[in-house]
Amino acid sequence: MDNENKYFDLMTTVEYGGCSAKIPAAVLEKVLLNLPRATDSNVLVDIDTHDDAGVYKINDDLALIFTTDFFPPICSNPFEFGEIAAANSISDVYAMGGEPFMALNIAMFPSKGIPIEAYAQILEGAASTAKKANTIILGGHTIDDNPPKFGLAVIGRVKPSEVITNAGLKPNQLLILTKPIGSGIITAAKRMGLASNKAYTETLEWMKTLNDKGAEVMRKFRVTGGTDITGFGLFGHAHKMAKASNVDIDIYSARVPFLPEAYKLAEEGCIPGAGFRNEEYIGDNLHLYSNDYNCKMICFDAQTSGGLLFGIDAEHVDSAINMLKSFGLSYSAVIGKVSPNGTGQINFY
Amino acid sequence: MKVIDCKGLLCPKPLIETRKAIKNASAGDSIRVELDNDTSCKNVLQFLKDNGIDAKQMDERGLLIVDFTVPSNFTSVTKAEDYCEIPTQVQANSGYIIILDSNVMGDGDDALGEILMKGFLNTIPELDMLPSEIICYNGGVKLAQIGADTAQALLKINSLGVKISVCGTCVDFFGIKNMLAVGEISNMLYIAGKLASGTKTVRP
């Protein structure tokens, strides 16, 4: 982090940030309900299964994964915001088992009122993360608007037979989560001076961390069902996967990795509104066996650039966890199990 | 009535203030939260509802007002205390440790033993005196494995403030280190220390 350099504080421009800025899932579902569906047989994945990206088959060996994501600032430093926004956008390609290779910047930035250097720093941050992901940024598009918003449209490649989707969970698999959750809570708390610098810095580091290594592990163990945890929270995304895969999912509260201070902050009532929207969205599909309210609300917390959640056969669990940890994904853990069948229900023990 | 002024505060600050007010209140206290942000108001109402508190919402000259009474049966909405201190229920009854050294209860028939063990663990929350800790070793660690019915029972016991310790060598031996639904992995030094501590141990 370049603390020595002065930068424009992006957090002064926004009331809500990150994926909390998303339209609530329940509202979005209604909007998308009557949209015409693609009829091209080369479309392997579209909005039907609520996946992270669209997938289009070019030939038997190659399909393109196409995705976009952008949002208002979630941190003060423009360079870091660029890094996080890029990691978040690229993540959708990794979540579907692909390798990103090119991208476009999508930006809104006011031509007056904020030093334009801040925009340059956002783009530099994004470029540095894209480079780590072996992704070339070919250009982009900027609209004069305030507050700033930034993200990428990303294209990745994948073998059509190896696409990882929400619908690919198999009965009795175990579920691995590769990053700790609670980033929405920590970033909200930071703005009110409630989170320590240490917890905040760690949260930023996790948000900047690419999901490339997690994707490598998914590919190695031929994972078929997976997603990344973003705006709909752990429960929201788990529910989407369970529903698309026609299974139920058990999640064990004692095993879900939290960011430092997230629990204490939830206890203090620092629960951003997005968590309540996600709770509303899931409704009756969540069955609570644990009475820990704070744990529940952290699992509803909207994440920015969260980790991967995927199903894996029991015999590969130890190798997968060891591999993830050796890559520095130190919080990686089995957090639950896929039921033999079901209707998208989440059982929280 | 205590009035919490949340006018002009951004989400989730009003919720934090409400939470603080509840924490500092006694049963039967009336609390009024004044807000001017619709989203924050909705979140506060949902938080109260989630925690079984009836609230009344009114609009008054552009102000959103939420009134509620802290219920008499209101313990704590959450259990953060479990993470930093031993809850009183356990503290008062910390007279014994349960040892689970097998996945079955008793000798004779293992299928029957499994049923008995499940029944035993499901019954523990009903006991007048909870154990201070449950230590699992050998086949006992399998009881804490994800997917086992008994793991859910152990989680429930754990949520009542009972520590669950699981033998590290044993979970490695059975290859279930990454598949535990509940329990802290511990070593022989810890387990031997507990067994030798003079605390009463109970084996089902």
Side-chain angles (χ1 to χ4, degrees), chain A residues 14-16 20 172 174-176 184-185 188-189 191-192 194 250-255 263-277 279-280 288-297 312 314-315 317-322 324-325 332-339 347-349, chain B residues 9-23 37-52 75-84 144-149 151-156 158-160 164 171-172 174-184:
Chain A
V14 280
E15 181 179 336
Y16 302 98
S20 296
N172 301 316
L174 294 168
L175 286 168
I176 289 181
I185 289 170
R191 303 170 69 179
M192 292 175 290
L194 294 173
D250 294 341
I251 293 179
Y252 293 90
S253 53
R255 284 297 168 251
Y263 190 91
K264 174 186 79 98
L265 290 163
E267 161 71 15
E268 285 170 20
C270 184
I271 304 165
F276 292 106
R277 300 296 80 73
E279 186 184 19
E280 228 170 296
L288 289 175
Y289 297 89
S290 156
N291 53 2
D292 192 320
Y293 184 73
N294 299 328
C295 279
K296 180 182 92 168
M297 293 317 288
I312 188 163
E315 73 240 46
V317 157
D318 287 342
S319 320
I321 293 277
N322 288 342
L324 289 164
K325 289 192 170 167
S332 298
V334 173
I335 62 154
K337 189 172 191 287
V338 181
S339 70
N347 301 310
F348 189 52
Y349 293 102
Chain B
L9 298 183
L10 293 179
C11 168
K13 192 85 188 170
L15 191 56
I16 294 174
E17 294 303 322
T18 306
R19 182 75 188 88
K20 206 187 286 171
I22 295 172
K23 223 174 205 171
N37 179 302
D38 199 43
T39 309
S40 292
C41 180
K42 225 176 134 191
N43 294 348
V44 167
L45 285 169
Q46 197 169 336
F47 174 83
L48 294 171
K49 192 176 151 219
D50 275 351
N51 288 289
T75 49
S76 175
V77 284
T78 55
K79 314 196 318 27
E81 295 77 12
D82 294 357
Y83 287 68
C84 33
Q145 192 181 345
I146 281 177
D149 296 344
Q152 284 148 22
L154 283 170
L155 258 168
K156 182 157 186 208
N158 185 229
S159 77
L160 296 172
I164 315 272
V171 293
D172 281 338
F174 291 115
I176 58 170
K177 184 173 81 183
N178 292 308
M179 290 183 240
L180 292 175
V182 61
E184 290 166 40

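Hydrogens, waters and symmetry mates are skipped; everything else that's a heavy atom, side chains included, is used. Numbers restart at 1 for each chain; the letters A, B, ... are given by sequence-line order, proteins then strands.
When B:Val182, B:Leu15, B:Val44, B:Thr18 are compared by the number of non-hydrogen pairs under 4.5 Å with chain A, B:Leu15 comes out ahead. With chain B as partner, the option from A:Gly269, A:Ser290, A:Gly275, A:Ala189 having the largest number of non-hydrogen pairs under 4.5 angstrom is A:Gly269.
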query: Stepwise, does the side-chain contact (heavy atoms from CB on, under 4.5 Å) test hold for B:Ser159 with A:Asp292?
result: CA-CA 8 Å; B:Ser159 77; A:Asp292 192 320; over 6 Å; no
Before giving the answer on side-chain contact (heavy atoms from CB on, under 4.5 Å), spell out for B:Met179 and A:Arg255 the whole-Å C-alpha distance, their side-chain angles and the decisive distance to 0.1 Å. CA-CA 9 Å; B:Met179 290 183 240; A:Arg255 284 297 168 251; over 6 Å; no
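Residues B:Pro12 and A:Met192 share a closest heavy-atom pair of CD-CE, 3.7 Å. Of all heavy-atom pairs between A:Glu267 and B:Arg19, the closest is O-NE, 3.0 Å. The nearest pair of heavy atoms linking B:Ala181 to A:Tyr252 is CB-CD2, 3.3 Å.
For B:Lys156, the NZ atom counts as loosely surrounded, since its 6.0 Å shell holds 12 or fewer non-hydrogen atoms of other residues, nucleotides or ligands.
To the nearest 0.5 Å, atoms CG (A:Asp318) and CG (B:Asp172) are separated by 8.5 Å. A distance of 6.5 Å separates CZ in A:Phe276 from CG in B:Asp50, rounded to the nearest 0.5 Å. A distance of 4.5 Å separates NZ of B:Lys42 from CD of A:Glu280, quoted to the nearest 0.5 Å. To the nearest 0.5 Å, atom CG of residue A:Leu194 and atom NZ of residue B:Lys13 are 5.5 Å apart. Taken to the nearest 0.5 Å, the CD atom of B:Gln152 stands 6.5 Å off from the CG atom of A:Asp250.
For A:Tyr349, the parts sitting under 4.5 Å from any heavy atom of chain B are the backbone and the side chain alike. If you measure heavy-atom distances from A:Ile271 to chain B, the contacts under 4.5 Å come from both the backbone and the side chain. Contact annotation for B:Leu155: only side-chain heavy atoms (C-beta onward) come within less than 4.5 Å of a heavy atom of chain A. If you measure heavy-atom distances from A:Ser253 to chain B, the contacts under 4.5 Å come from the side chain alone. In this structure, chain B has no heavy atom under 4.5 Å from any part of A:Ala333. Only the side chain of A:Lys296 comes within less than 4.5 Å of a heavy atom in chain B; its backbone stays farther off.
Between B:Lys23 and A:Glu268, no side-chain nitrogen of the basic residue sits less than 4.0 Å from a carboxylate oxygen of the acidic one, so the salt-bridge criterion is not met.
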